[in-house]
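Structure first, then comments.
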Amino acid sequence: MRPRSLKAREARLAFLMLFPTFFVVVLIVIFPVVADFWIAFKNIKLGDLRPPRAVVVERIKARPKAPGDRMVVAYRVENRSPNPIAETRFSDRIPPGLTPLELPPECRMQGGALSCRLAGPKPGTRKEIVLVFRAEAAYFESGRPNPRASRPEVETRAPNPILAKPFTLENFARVFRDPDFVPMLKVTLAYTVFGTGLSILLGLFAAQLLAVRFAGRNLFRGLFLFPYVAPVIAVAFVWVFLLDPFAGTVNALLLQYGLVSGPIPFLSQRVWPLELFGLRLELPLALTMVILFEGWRYFPFAFLFILARMQAMPKELFEAAKVDGAGIWATFRYVTLPQLAGILATLFLLRFIWTFNKFDDVFLLTGGAAGTETITIKVYDYAFARADLGQGAALAVVLFLILALFLALYFRYAPRGEV
Amino acid sequence: MGFLLAALTGALAFLLAYGAVSLSAALFLGLETRLIAALPLLAGALFGPLAALAAPRKAALGPYLPFAGAGAMLGAFLPGALGAGPGPGALAGAAGGALLVYGLRELALFPPTRETYERLALRGLRAVGFGVFVFAVAFPFWAMFVASLKPRAEFLANPADLSLPLEVFRAGLLPGLEKLFEGYRAVLFEYRFLRYIANTAFVSGVTTLLTLFFSVLGAYAVARLDFPGRRLMERAVLLTYMFPAIVLAIPLYVVFTLIGLRDTLGGLIVVYLAQTLPVALYMLRSYFETIPRSLEEAGMIDGCSRFEVIWRVTLPLSLPALASVGLYVFMIAWNEFLFAFMFLDTPEIFTLSRGMVALNSQEVPYQYLMAGAVIVTVPIMILFFWFEKYLVGGLTAGGVKG
């Protein structure tokens, strides 16, 4: 076998083995991002996902009393959706013994089967098709069956609104004109920066606590990972419960110790006035709680990486520092911290991006109320709470572009070989 | 100077001990405690200099006992500080005494050097840090558990009381248990969580198996085979890892609705696959690269095909990595909220996350909600403790997205 073909065969095998991963990722990650851009430029509402359907209602306008009388049947074709219908077809069974006198051009009779096709109707309008029959003796002999007994079968041909709607910049205009836009960016930034910073600081502190060898250290390490591995839905609901102004333990304790005069609605109050050294500060209460949750839930992530890094530090450096007479603080500042700089920077970038992307935590804690509306919450709010997929996608595109900037920074500055 | 430092240490140690005991008594025993800070501060300030004189030069258990004992005596006669009986008082005093000795042992106090200050500060930080971290991490889980056992009326009587409601056993063991786990019964049977557990286990299990299967293939290809675009592949993996789920949510919602995949467990599994596959592949690839090629080559020479080598040589050697990846994937799928919440409408196929949201929107008492939370959490915790070693390995290798 020639070596070249061996190499080609190897590459082919590799592609085959990678194909499933590749396929799923393209389908569920790459394609949606492209689709986001597409939807963002169209005025698509949640209701547009259901293709428009014509509704056909059959009514009897005149009934025969004796053979030779007229039977008048009207079909009302209605388009109740805001989107156009190209063509509506319907068919119905007409009882035997009714001979059509007047057939509108849209309809045809064959045997006992009526079939009609018509253009439209336009959105929000209706059309009426009236058929006149003569009732023969046979109709009365068969017991005067009601034509309405058989329901018309309707078939609608309509362009898919998602594909058919024209491109527009309207969604972006509405996103940027929203008076909440700038406050939302500020909240997102505060949440991301402080949440990230807090979780890394706490992680650094926790890692220092467990860096020393002692009995039961592994147990503590396991315990410290709890907030991170537990399902978000469970821990978020526990926080909501603990911080509840009426049935919550935290408020009950604060009252019992006489630290507050009334219960504090931690997750539903926007600002908390704070008197500090004669200065009046306005603490964004709900946002602070959400940031605390972020710090609490994600410190284990930083903790784990910092601890692993610390355990890999060479002992000689610490011994040398001791010989040189460095104190505890000096050792930490000049020996430990410089060695952690790489992992801290990586952790910061990584956690920054993930916190920026975070949806679940804030959504479950406050639902975005009381000044905690981050950009991801707003995307959900536009797209699903207000049923405006187009505007949601437009904001998602904005989010994506900001993220792309962060990612570019990440790949530019992330130290190689970490994480 | 040394005495002053010792007095300060004593005051802080006693305050800390009293605070901790007061809080614990309020939370875990349901006692209505207070904390009058002046009393422990004073007691500690008096004890400090005494301890400084007797402080051991070597690490030994000896001096802890007299000080803890003396502290306990003091605490028992000073119940006013907690406003709750001599028992907690004695405990607080004993803890204060022991903490004081821990703070001062092996320190040069006469005169104090810079090292003395630093070590004292460090010990203070460690004591406070441990207390705060253990409390902050464990308390919400404790609260979740206890709240799942208490009916609304009992709970509202004193929301600060998170002691185990053991008084239900006065009626006997079985009726007691029945009353205790009433919330679980309601949630499992009336609110159909039994069904949701099965659904979640199914989704997580299938996701784990499929991810493992595909990622083993992919990781092997990246680690062992030579093909153009290998480096690019790695970058792409990292990239997908940082994509916001909410950006994918709108188009996936649209497309899945149009093709009828939205309200199905299959649709959910496909999304979870996409979220876990890249990272699983990345983690496994790193591990495969640590396995010596020569082992596989030996297998090839013995006449195994490429896939036989993977099955008989590579995989048995990678069991720890497979366990890590498998656990990681299972955890992601089990805990996932956003897509389950957005995609599922039919109660028959709810996962636990979705079921919890449904439960929450029905205005059930907190008891039921917390029982649900415990049900969601416990399987993950069991897995976590069982396989902690592997999971920690997986977390650090891949850096679980969260």
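A note on names: the letters A, B, ... follow the listed sequences, proteins ahead of strands, and every chain is numbered from 1. All figures in this text were calculated on a predicted structure; none of them were measured in a lab. As a basis for the values below, the full set of heavy atoms in this structure was taken, side chains included, without hydrogen atoms, waters or symmetry mates.
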Given the options [options], which has more heavy-atom pairs under 4.5 Å with chain A than any of the others?
options: Leu248(B), Leu23(B), Ile380(B); result: Leu248(B)
options: Leu162(B), Asn158(B), Asp161(B), Ile375(B); result: Leu162(B)
options: Arg119(B), Gln275(B), Met144(B); result: Met144(B)
options: Leu369(B), Leu156(B), Leu273(B), Thr211(B); result: Leu369(B)
options: Gly372(B), Ala280(B), Ala373(B), Ala219(B); result: Ala373(B)

Let me see the working for Asp361(A) and Phe337(B) under side chain to side chain contact (heavy atoms under 4.5 Å, CB included), right down to the final yes or no. CA-CA 10 Å; Asp361(A) 303 38; Phe337(B) 165 73; over 6 Å; no

Apply side chain to side chain contact (heavy atoms under 4.5 Å, CB included) to Leu383(B) and Val229(A), showing your working. CA-CA 10 Å; Leu383(B) 271 182; Val229(A) 292; over 6 Å; no

Proximity breakdown for [X] and chain B, heavy-atom pairs closer than 4.5 Å:
X: Phe246(A); result: backbone
X: Leu242(A); result: side chain
X: Phe363(A); result: side chain
X: Phe406(A); result: neither
X: Phe241(A); result: both
X: Phe299(A); result: side chain
X: Leu16(A); result: neither
X: Leu403(A); result: side chain
X: Leu13(A); result: both
X: Val34(A); result: neither
X: Leu364(A); result: side chain
X: Ile39(A); result: side chain
X: Ile353(A); result: side chain
X: Val235(A); result: side chain

Is chain A contacted by the side chain of [X], its backbone, both, or neither, given a heavy-atom distance below 4.5 Å?
X: Thr377(B); answer: both
X: Phe307(B); answer: side chain
X: Phe341(B); answer: side chain
X: Met381(B); answer: side chain
X: Leu27(B); answer: side chain
X: Phe256(B); answer: side chain
X: Leu122(B); answer: side chain
X: Val134(B); answer: both
X: Leu359(B); answer: neither
X: Arg152(B); answer: neither

Check: Phe130(B) ring centroid to Phe214(A) ring centroid under 6.0 Å: yes

Would you say the rings of Phe303(A) and Phe133(B) are close, in the sense that their centroids are separated by under 6.0 Å? no

Let me see the working for Thr249(A) and Phe155(B) under side chain to side chain contact (heavy atoms under 4.5 Å, CB included), right down to the final yes or no. CA-CA 10 Å; Thr249(A) 306; Phe155(B) 195 80; 4.1 Å; yes

Do [X] and [Y] make a side-chain contact, defined as non-hydrogen atoms from C-beta onward lying under 4.5 Å apart?
X: Ile328(A); Y: Tyr117(B); answer: no
X: Pro227(A); Y: Val137(B); answer: yes
X: Ile310(B); Y: Met17(A); answer: yes

Check: Asp36(A) side chain, Pro251(B) main-chain N or O, donor-acceptor pair, under 3.5 Å: no

When you measure from the side chain of Trp296(A) to the backbone of Ala136(B), do you find a donor-acceptor pair of N or O atoms at a distance under 3.5 Å? yes

Based on non-hydrogen pairs under 4.5 Å, which of Ile28(A), Leu210(A), Val24(A), Leu46(A) is most in contact with chain B? Ile28(A)

Which pair of heavy atoms, one from [X] and one from [Y], lies closest together, and at what distance?
X: Glu10(A); Y: Arg224(B); result: OE2-O, 4.1 Å
X: Val25(A); Y: Ala274(B); result: CG2-O, 4.5 Å
X: Val376(B); Y: Pro231(A); result: CG1-CG, 3.5 Å
X: Ala396(A); Y: Val247(B); result: O-CG2, 3.8 Å
X: Met370(B); Y: Phe237(A); result: CE-O, 3.6 Å

Could you walk me through whether Phe214(B) and Phe22(A) satisfy the ring-ring contact (aromatic ring centres under 6.0 Å, His included) test, starting with their C-alpha distance in whole Å, then the side-chain angles of each, then the deciding distance to 0.1 Å, before giving a yes or no? CA-CA 10 Å; Phe214(B) 291 139; Phe22(A) 196 66; over 10 Å; no

Hey, what's the ring geometry for Phe226(A) with Phe385(B), parallel, tilted or perpendicular (30° and 60° as the breaks)? perpendicular

Is the number of heavy atoms from other residues, nucleotides or ligands under 6.0 Å of Arg12(A) CZ greater than 12? no

Flag if over 12 foreign heavy atoms under 6.0 Å of CZ, Phe37(A): yes

Between Gln208(A) and Leu125(B), does the side chain to side chain contact (heavy atoms under 4.5 Å, CB included) criterion hold? Intermediate values first, please. CA-CA 10 Å; Gln208(A) 303 303 318; Leu125(B) 270 179; over 6 Å; no

About how many Å separate CG of Leu338(B) and NZ of Lys358(A), when rounded to the nearest 0.5 Å? 9.5 Å

Dump the intermediate steps for ring-ring contact (aromatic ring centres under 6.0 Å, His included) on Phe400(A) and Phe243(B), then the final yes or no. CA-CA 8 Å; Phe400(A) 179 77; Phe243(B) 267 45; 5.7 Å; yes

Hey, which of Thr374(A), Ile375(A), Thr376(A), Ile377(A) is the one that makes side chain to side chain contact (heavy atoms under 4.5 Å, CB included) with Ile246(B)? Thr376(A)

